[in-house]
Amino acid sequence: MFAGARIIKTGLAVALSLFICDYFNIQPSLFAGAATVLNMQPSVELSLYNAKEQLLVHSLSVCVAILLGLTIGTNPLSMGIATIIIIQLCQVFKWRGGVSAGVMAAIFVLASPHAEFLNHALVRSLAIFVGVSVALVVNLTIAPPRYRQPLQKKLVELNIHVSRLFYEAVQAFLRLSLPTPEEKEAMTKKTEDLFRGNPAPL
């Protein structure tokens with residue numbers, strides 16, 4: 001089985017984010033790869049819609065994580081508090097699409113070593129933003145799937161087909177004549193072909 005466009009796109013984005021981090025010595029580059037995967041979108045429309053939200057959620061998460069790391073420290077308690085704060089703020093601002101990625105970003109930052117926490121946290125934050133940026137760029141530029149037009153076309157075909165079936169059923173009722181088994185089979189096959197994605201003659 002061959003990999004789909006989205007799978008290949010995700011793999012390329014991960015490789016690119018890791019390469020950028022390694023080239024500029026932004027470590028650990030693993031966080032960039034994870035952020036890339038979490039922020040990949042299935043369509044151009046979602047990429048455009050969520051781009052601003054993703055950046056805002058990650059900025060908020062990184063700020064919350066650094067603030068808690070400096071005040072409470074890097075421990076499970078601070079990670080739990082960060083999770084609660086981020087989820088609550090995302091609900092307030094209605095940023096529902098990037099909650100999971102934001103929480104993971106905060107945990108990555110708070111997983112920094114306690115010694116020289118701020119330096120490690122800033123570098124990890126930079127790695128996360130590299131991953132987010134690469135995901136956004138790849139979502140918008142590399143083989144973006146187009147779902148809207150095929151879906152609209154299929155809905156139009158289904159609407160025309162259902163309307164025709166309804167019209168024929170009314171005509172048959174008025175004429176008091178039922179369709180033959182062959183006609184029933186042809187109508188059933190045409191409907192099944194539409195739902196399976198096969199074009200049906202209009």
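Note that these values count all heavy atoms, side chains included, but never hydrogens, waters or copies made by symmetry.
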J.: Of all heavy-atom pairs between D22 and S29, which one has the smallest distance, and what is that distance?
T.: OD1-OG, 3.3 Å
J.: So which atom in C21 and which in Q27 form the shortest heavy-atom distance, rounded to 0.1 Å?
T.: O-NE2, 3.8 Å
J.: To the closest 0.5 Å, what do you measure between CZ (R124) and CZ (F31)?
T.: 4.0 Å
J.: Taking the side chain as everything from C-beta on, heavy atoms only, tell me whether I20 gets closer than 4.5 Å to V134.
T.: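 Answer yes - side chains close enough.
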J.: Below 4.5 Å, heavy atoms only, C-beta onward: do M79 and L68 meet side chain to side chain?
T.: no
J.: Using side-chain heavy atoms (C-beta onward) and a distance below 4.5 Å, is L126 in contact with L122?
T.: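 No. Closest side-chain heavy atoms not under 4.5 Å.
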J.: Mind checking whether L55 and L136 have side chains closer than 4.5 Å, heavy atoms only?
T.: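 With C-beta onward as the side chain, the pair touches.
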J.: Side-chain contact, heavy-atom cut-off 4.5 Å: F129 with V62?
T.: yes
J.: Over all heavy atoms of both residues, which pair between T36 and A13 is shortest? Give the atoms and the distance, please.
T.: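 Smallest heavy-atom distance, with atoms named: CG2-CB, 3.4 Å.
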J.: Indicate the atoms forming the closest heavy-atom contact of I86 with G102, along with that distance.
T.: CD1-O, 3.9 Å
J.: Can you see which heavy atom on A105 is nearest to which on S61, and at what distance?
T.: CB-CB, 4.4 Å
J.: Check whether any side-chain heavy atom of W95 lies under 4.5 Å from a side-chain heavy atom of V99, and answer yes or no.
T.: no
J.: S78 versus I81: any side-chain heavy-atom pair under 4.5 Å?
T.: no
J.: Within the 4.5 Å heavy-atom criterion, are L38 and S100 side-chain neighbours or not?
T.: no
